[in-house]
Amino acid sequence: MQPSEMVMNPKQVFLSVLIFGVAGLLLFMYLQVWIEEQHTGRVEKRGEQKVTSGWGPVKYLRPVPRIMSKEKIQEHITNQNPKFQMPKDIREKRENLLLNYERSTRVLTKTSHSQERDQALSNTTGSPTEKWIEEHQGAKTLFNKFSKMIWPVDIHPLNKSLVKDNKWKKTDETQEKRRSFLQEFCKKYGGVSHHQSHLFNTVSRIYVEDKHKILYCEVPKAGCSNWKRILMVLNGLASSAYNISHDAVHYGKHLKKLDSFDLKGIYTRLNTYTKAVFVRDPMERLVSAFRDKFEHPNSYYHPVFGRAIIKKYRPNACEEALINGSGVKFKEFIHYLLDSHRPVGMDIHWEKVSKLCYPCLINYDFVGKFETLEEDANYFLQMIGAPKELKFPNFKDRHSSDERTNAQVVRQYLKDLTRTERQLIYDFYYLDYLMFNYTTPFL
């Protein structure tokens, strides 16, 4: 035989490699099954030995499925330790949390009618339930991520020596209830905080006023523009809050933020200054942000957010809308908000307060609410020793002719959404509703 006849052609080489590969794969699969059978046999034998030696049956913990009914979760907990009796108040809290958990899982068992009704949402944003799970897992990860941060965890009594007027008694009682409620929530669900990484990001929304030793965490659409005006007056940058323009407040860069200081400066202020946060009903804040940014001309939000939202969530959009980004509908905005793959990132105007101000990591001394803004703000100003003539301004910063966003206005916007979409908005702001004891909206 000639040497040239002994050389295998490419087709023969390919077939040989393929045969050896399949044979190797079959051998690997056989060995894997054999090893698992041997391991299972040893585990069962060990369990039988413990039973016969008086140790009792062995129960191995199994992972809880990601989607379970309320009854299944309770059964799983009971089976792990049947002798454990949960205290009544904790059991009630768990019942409420499980009820909300179960409510979210109903999205998986929608009728064909509701599936057709929500087809537009699912086609553009992916599974709403997956989004809910991602957000709640993200909230849990947030608590775990900062579980080692060194922060003050106890409530420090407010210095009320400068409050001379008895008219603030009711306001003070309300304030103490809010602080206690937030503290108890964070103890039960936020864990004990002791962590040092990402400190600068955590305090990046906090403004500093050194003269009166104030730290104010900015929550957009909750009176933040007028609060910045107050801080500028307290800093001696202006004589009156009524003479400061919108652009000077937001683009002047007159105020210092806490992340501009070094590590020592941050910790010193966190532990010695009076820390305040003002919040708002999450649904009202969301609608207010949409009205402000998308229903009026805006040289930033229309081209940056509007164009991306219209392009992804509006079928057959006209060329003009794709170019200028104007005319975003509330339903389209909600599709963007709930999308786990948003075409453009989040914005502070509709970001959760739990991610802006980290209320379970930073021990806020004062928790004000937009619903009682003037009363809370003026009480706070007296408490920190502000000039007597300084009062919190009550004017609307922009679009003054528009009706303020209230519960009635919110209902008008929500009526165009499906029940599933309304539920998912609530789920999105779930932590904010719980932390600040806001009433669950009618969905």
task: Verify, without hydrogens or angle tests, whether D292 (side chain) and S288 (backbone) share a donor-acceptor contact under 3.5 angstrom.
output: no

message: Using the rule given for side chain to side chain contact (heavy atoms under 4.5 Å, CB included), can you reason through F366 versus I214, listing the C-alpha separation, both sets of side-chain angles and the distance that settles it, and then say yes or no?
response: CA-CA 11 Å; F366 194 95; I214 301 169; over 6 Å; no

- prompt: Is the side chain of Y364 donor-acceptor paired with the backbone N or O of C357 at a distance under 3.5 Å, no angle test?
  reply: yes

message: Between T405 and R280, is there a side-chain heavy-atom distance shorter than 4.5 Å?
response: yes

query: Which heavy atom in S354 sits nearest to a heavy atom in D432, and how many Å separate them?
result: N-OD1, 3.1 Å

statement: The reported gap from CE in M232 to CG in L255 (rounded to nearest 0.5 angstrom) is 6.0 Å

query: Is the backbone of K275 close enough, under 3.5 Å, to the side chain of D365 for a donor and an acceptor to pair up by distance?
result: yes

- request: Can you measure from CG (N235) to CG (D210) and round to the nearest 0.5 angstrom?
  value: 7.5 Å

field: Spacing of M383 atom CE and Q175 atom CD [to the nearest 0.5 Å]
entry: 7.0 Å

Atom pair CG (D262) and OH (Y267), whose distance is rounded to the nearest 0.5 Å: 12.0 Å

field: From CD1 (I310) to CG (N324), nearest 0.5 Å
entry: 7.0 Å

query: Where the side chain of R178 meets the backbone of F436, is there a donor-acceptor pair that is under 3.5 Å apart?
result: no

- prompt: Can you name the nearest heavy-atom pair linking I230 to F392, along with the distance?
  reply: CG1-CD1, 3.8 Å

task: Answer yes or no: are there more than 12 heavy-atom neighbours, outside Q408 itself, under 6.0 Å from its atom CD?
output: no

task: Answer yes or no: is there a side-chain heavy-atom contact under 4.5 Å between L390 and L234?
output: yes

field: Close side-chain approach of L231 to Y216, heavy-atom, < 4.5 Å
entry: yes

message: I'd like to know if the side chain of E371 reaches the main chain of D281, judged simply by a donor and an acceptor atom lying under 3.5 Å from each other, with no hydrogens or angles considered.
response: yes

message: Whether K329 engages the ring of Y313 as a cation-pi pair (distance to the six-membered ring centre under 6.0 angstrom, angle to the ring normal within 45°) should be assessed.
response: no

query: Quick check: does any side chain N or O of R179 sit under 3.5 Å from a backbone N or O of N363, one acting as donor and the other as acceptor?
result: no

task: Flag the pair C360 / M435 as yes when at least one side-chain heavy-atom distance between them is below 4.5 Å, and no otherwise.
output: yes

message: Please check: side-chain N/O of H302 versus main-chain N/O of K293, any donor-acceptor pairing under 3.5 Å?
response: yes

query: Are H254 and K228 linked by a side-chain donor-acceptor pair shorter than 3.5 Å?
result: no

message: So F185 and L431, do their side chains get closer than 4.5 Å, heavy atoms only?
response: yes

- prompt: To the nearest 0.5 Å, how far apart are OH in Y336 and NZ in K312?
  reply: 11.0 Å

query: Under the side chain to side chain contact (heavy atoms under 4.5 Å, CB included) criterion, do V409 and R291 qualify, and how do the steps go?
result: CA-CA 11 Å; V409 172; R291 295 176 72 198; 3.7 Å; yes

field: Whether R314 side chain and E332 backbone form a donor-acceptor pair below 3.5 Å
entry: no

message: When you measure from the centre of the six-membered ring of F261, is the NZ or CZ of R269 closer than 6.0 Å and no more than 45° off the axis?
response: yes

- prompt: What class does the angle between the rings of F333 and F290 fall in, given that below 30° is parallel, 30 to 60° is tilted and above 60° is perpendicular?
  reply: tilted

message: Over 60° means perpendicular and under 30° means parallel, so tell me whether F278 and W227 are parallel, tilted or perpendicular.
response: tilted

field: Test log, rule side chain to side chain contact (heavy atoms under 4.5 Å, CB included), inputs N201 and Y358
entry: CA-CA 10 Å; N201 178 63; Y358 300 95; 3.5 Å; yes

message: For a 4.5 angstrom cut-off between non-hydrogen side-chain atoms, does I206 reach I362?
response: yes

query: Sub-3.5 Å donor-acceptor pair from the side chain of D376 to the main-chain atoms of F370, do we have one?
result: no

message: Applying side-chain hydrogen bond (donor to acceptor under 3.5 Å, both in side chains) to N378 and Q382, what does each step give before you reach the verdict?
response: CA-CA 6 Å; N378 287 324; Q382 187 168 121; over 6 Å; no

message: Quick check: do P282 and K352 have side-chain heavy atoms less than 4.5 Å from each other?
response: no

- request: Output yes when a side-chain donor or acceptor of R205 lies under 3.5 Å from a complementary backbone atom of K257, and no otherwise.
  value: no

message: Let's go through Y379 and D172 carefully: what are the C-alpha distance in whole Å and the side-chain angles of both, what is the deciding distance for side-chain hydrogen bond (donor to acceptor under 3.5 Å, both in side chains) to 0.1 Å, and is it a yes or a no?
response: CA-CA 8 Å; Y379 173 59; D172 178 65; 2.7 Å; yes

- prompt: Any idea which heavy atoms bring P393 and N226 closest together, and the distance?
  reply: O-ND2, 3.3 Å

task: Before giving the answer on side chain to side chain contact (heavy atoms under 4.5 Å, CB included), spell out for L286 and Y413 the whole-Å C-alpha distance, their side-chain angles and the decisive distance to 0.1 Å.
output: CA-CA 11 Å; L286 175 68; Y413 282 80; over 6 Å; no

field: Heavy-atom closest contact (P220 atom, H349 atom, distance)
entry: CB-CD2, 3.6 Å

query: Is any side-chain heavy atom of T274 less than 4.5 Å from a side-chain heavy atom of L215?
result: no

query: ring-ring contact (aromatic ring centres under 6.0 Å, His included) between Y426 and Y433: does it pass, once the steps are laid out?
result: CA-CA 8 Å; Y426 170 72; Y433 273 103; 4.9 Å; yes

query: Does a sphere of radius 6.0 Å around NZ in K391 hold more than 12 heavy atoms from other residues, nucleotides or ligands, not counting ones at 6.0 Å or beyond?
result: yes

